[in-house]
Amino acid sequence: MPDPPNATIAELFDELADLYELDGAVVHRVLAYRNAAKAVREAPRSVSAMTREGTVTQLPGIGKTLQDKLVALLDTGEIPSLTRLRSEFPPGLIEMTRLPGLGPKRARKLYDDLGIDSLDALRAAAETQKLRDVRGFGPKFEEQVLASFAAGVAEKPKPRTLLPRALEIAEAIIAPLREHPASGRVELAGSARRLADSVKDLDIIATASDPPALLKAFAELDVIERTGTPGDNAARGRTHTGLDIDLRVVEPDQFGNLLQHFTGSKAHNVAIREAAVRRGLHVSEYGISDDATGETLRCETDGAVYERLGLPYIPPELREDRGELKLAPDAVPVLLEQTDLRGDLHMHTTASDGRHSIEQMARAALELGLEYIAITDHSATHGFGNHVTPDHLREQIEKVRAADDAIEGIRVLIGTETNIGLDGQPDYDDDLLGELDWVIASVHTSFAMDMTDRLCAAMEHPLIDAIGHPTGRKITTRAPYAVDMDRVIETALATGTMLEINSAPDRRDLNDLHARDAARAGVPILVDSDAHGTDRLPNTRWGVATARRAWLTAADVANTRPWDEFRALTKHGRR
DNA sequence: GCCGTTTTCGGCCCGACTGTTTTCAGTCG
């Protein structure tokens, strides 16, 4: 049996947390499992491998007990306590806790008293008014349960919204609110401010001379479908696209506290607060109270919050409790900016499945301030758009050379996005690949197989300069394929192959964690648009967002370099 | 279950809301 990947182990720990919670364990023990799940999910290496080496307790939140459980998992394929708890609590019990207002404690009570062990059983009991017989439950709860089923909450969790769409909606709300006469500052918070891949909802923080007026203006915006009953200083609304929006209005002298709090992440805030408590400080969304003086400090900016806590300013993209709180003041990375990019090494034209010509792409790239681009149409065996046969590619070489001559101010390079075959080999023969300036290789078929050998074989090829979208994920629709990223990074380093952060907003692949690991190992990272039209060249914004979340500086990203320096990093350039 | 320049034992973030309770536990963000 192959070693379980980190994602699988993390799921098992999360499941253990859920089950121990149903079992009535103290909250801190449950929290320990959830922390461990996060640590495993974000571990830079294979947790299975670390377990075999005996180094797994180096991960934060993994101690002796969890190490033993991991050893058992690797030896026997199961964790005994998990097997026992699964036999004790039907899986429907965890599903029941998806309903708002029903947590593990109360779900357990319904199971013990009425034998309710599934969403269906719960609904039936609510319909027949049996729930009110249980101590602690009443008619209101029955109504709530039925309302939740009617709203479809029980069926499945609402899909998350991709970042570009979320920011677009945020802008459509924030811009008019900023223009409203009653408003002061209006800022986006939450995971959208952290430029996460996708968001569950939007959090907006504002100050206002007349809060009710601003809340009313919010409720009347075109994009808002409906709002709940607004409070004095907060409103929750939903857009026509189904995205929930929380708007909070706050006094100007607390704006920074609230902005910091609602920017999160939750893990970041918890870590900040725990560290603060050790220094006699208590952080909340309303201020920082000091045990020594009894006073509470309010902050106008989120920078002031970090300053009071003795921390450097931490960019929102880093606020994930991934080591940012240990940064020395002068060690906060100067994160990559979109304007740092000088080249774009992955784009398509009408030769394959793009919508614009070589010239159109080049002129658009020039407009954006790029110094060099590579035209990388799909190769012959690719199923989308036109097949670029070897003869066709030879013609493309001439066309690209001509365009390069014709257009001043930008270097236009000929490349290909060659398909990686099942055996890890490219579509074109080496002679033809050798005539190109640049080769990026990607997987587009047979996603179900273990991809590690295939990718590593491709990287061994002397004319493959980079791997495109290395895990094949589509953020809300397709899981990454099975790939041992440790080995991929190791091989990339050994073979001098670059790894791409593909900027397509539903890909952002490599993701932030993998990109961080790869860059730390010393692998040159690419940030490419993968544009299929001139209007998509600015998509590098999303790749840059991922790079920033990966702690990358301009120096970590190969295509921030001038062409001559970039070329020296490629296999083609080193020949 | 983890963790330690206040600890190898006794801690482990903060606040609001809700429905059901007679003063609060559970849930949520």
Side-chain angles (χ1 to χ4, degrees), chain A residues 13-14 16-40 56-70 79 81-82 96-110 131-145 147-148 153 189-191 199-203 205 228-229 231-234 236 244-248 250 254 257-258 260-289 291-292 296 305 309 321 325:
Chain A
F13 281 171
D14 270 330
L16 269 167
D18 288 337
L19 289 166
Y20 272 124
E21 214 170 10
L22 286 170
D23 200 31
V26 292
V27 289
H28 302 109
R29 190 162 163 223
V30 173
L31 198 63
Y33 278 96
R34 296 209 195 287
N35 285 339
K38 177 180 188 286
V40 169
V56 76
T57 55
Q58 287 172 5
L59 291 174
I62 307 283
K64 181 75 175 68
T65 305
L66 289 181
Q67 180 181 37
D68 289 347
K69 288 180 197 286
L70 286 169
I79 300 173
S81 54
L82 180 58
M96 282 161 58
T97 64
R98 281 216 301 266
L99 292 195
L102 188 61
K105 291 279 198 306
R106 285 156 60 81
R108 172 71 190 272
K109 180 112 181 94
L110 293 178
L131 298 178
R132 64 186 63 180
D133 299 339
V134 182
R135 186 179 165 81
F137 294 80
K140 271 267 174 58
F141 178 72
E142 286 171 350
E143 276 173 38
Q144 214 183 83
V145 167
S148 294
V153 173
S191 51
V199 308
K200 186 167 65 68
D201 52 23
L202 290 177
D203 297 291
I205 315 294
T229 49
D232 292 339
N233 47 26
R236 168 162 270 245
D244 288 323
I245 319 285
D246 276 319
L247 173 63
R248 312 260 308 200
V250 62
Q254 284 180 313
N257 301 101
L258 219 73
Q260 194 284 325
H261 172 77
F262 277 99
T263 297
S265 66
K266 183 179 178 183
H268 172 84
N269 284 349
V270 168
I272 273 194
R273 290 168 178 194
E274 283 175 352
V277 166
R278 282 180 234 125
R279 305 175 50 194
L281 300 172
H282 303 275
V283 181
S284 80
E285 58 261 58
Y286 304 105
I288 302 171
S289 71
D291 285 343
T296 298
V305 174
L309 297 174
D321 191 25
L325 297 180

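First the proteins, then the strands, lettered A, B, ... as listed; each starts at 1.
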Looking only at atom C1', what distance separates B:dT8 and B:dC3, rounded to whole Å? 9 Å

When rounded to the nearest Å, what value does the distance between P atoms of B:dC12 and B:dC17 take? 25 Å

Which residue lies more 5' along DNA chain B, comparing A:Asp203 with A:Gly138 via nearest heavy atoms: A:Gly138

Nearest-angstrom distance from the residue atom CZ of A:Arg135 to C1' of B:dG19: 13 Å

Could you give all pairs that pass the side-chain hydrogen bond (donor to acceptor under 3.5 Å, both in side chains) test and reach residues 19-28 of chain A, with sequence neighbours left out? A:Tyr20-A:Arg29, A:Glu21-A:Arg34

Applying side chain to side chain donor-acceptor pair (under 3.5 Å) to A:Ser81 and not counting sequence neighbours gives A:Lys69

Expressed as a whole number of Å, how far does the C1' atom of B:dC24 sit from that of B:dT20? 9 Å

Between A:Lys140 (NZ) and B:dT21 (C1'), how many Å, whole number? 13 Å

Regarding B:dT7, purine or pyrimidine glycosidic angle vs 90° from 0 gives syn

In this structure, how many angstroms lie between the P atom of B:dG29 and the CZ atom of A:Arg34, rounded? 13 Å

In whole angstrom, give the distance that lies between atom CG of A:Asn269 and atom P of B:dC14. 12 Å

Integer angstrom distance from the P of B:dG4 to that of B:dC13: 15 Å

Given 3.5 Å as the limit, does a donor-acceptor pair link the side chain of A:Arg106 with the main chain of A:Gly136, or not? yes

Provide the distance between the two C1' atoms, one in B:dT23 and one in B:dT18, to the nearest whole Å. 15 Å

If pairing requires Watson-Crick or G-U wobble contacts with both distances under 3.5 Å, which nucleotide is the partner of B:dT8? none

Taking DNA chain B as the partner, which of residues 102-109 of chain A come within under 4.0 angstrom of it by heavy atom? A:Leu102, A:Gly103, A:Pro104, A:Lys105, A:Arg106

Just checking A:Val27: base, sugar-phosphate only, or nothing, at a heavy-atom cut-off of under 4.0 Å? nothing

Got a sec, which residues hit salt bridge (charged side-chain N to carboxylate O under 4.0 Å, His left out) with A:Glu285, two or more places apart in sequence or on another chain? none

Donor-acceptor pair, side chain of A:Lys38 and main chain of A:Gly61, under 3.5 angstrom: no

Separation of A:Lys266 atom NZ from B:dT27 atom P, in whole Å? 13 Å

For A:Arg279, enumerate each residue passing the side chain to side chain donor-acceptor pair (under 3.5 Å) test, keeping only those at least two apart in sequence or located in another chain. none

At under 4.0 Å between heavy atoms, which parts of nucleotides 1-12 of chain B does protein reach? Answer with one letter per nucleotide, 5' to 3': B base, S sugar-phosphate only, - none. BSS--------B

Taking atom P in both B:dG10 and B:dG15, what distance in whole Å separates the two? 26 Å

Nearest non-hydrogen partners of A:Ala37 and A:Phe13, listed with the distance: CB-CB, 3.9 Å

Can you measure A:Arg98 atom CZ to B:dT27 atom C1' for me and round it to whole angstrom units? 17 Å

Give a yes or no on whether a salt bridge exists between A:Asp244 and A:Arg236, defined as a side-chain N under 4.0 angstrom from a carboxylate O. yes

B:dC28 C1' sits how many Å from A:Glu21 CD, rounded? 12 Å

Taking atom P in both B:dG26 and B:dT22, what distance in whole Å separates the two? 13 Å

5' precedence on DNA chain B between A:Glu142 and A:Leu99 (nearest-nucleotide basis): A:Glu142

Quote, to the nearest angstrom, the P distance that separates B:dT27 from B:dT21. 15 Å

Atom CZ of A:Arg132 and atom P of B:dT21 are separated, to the nearest Å, by 12 Å

Which pair of non-hydrogen atoms, one from A:Ile288 and one from A:Leu281, has the smallest distance, and what is that distance? CG2-CB, 4.1 Å

Any side-chain to backbone donor/acceptor pair from A:Arg273 onto A:Val283? Under 3.5 Å, distance only. yes

Minimum heavy-atom separation for A:Val199 and A:Ser191, please, with both atom names. CG1-OG, 3.4 Å

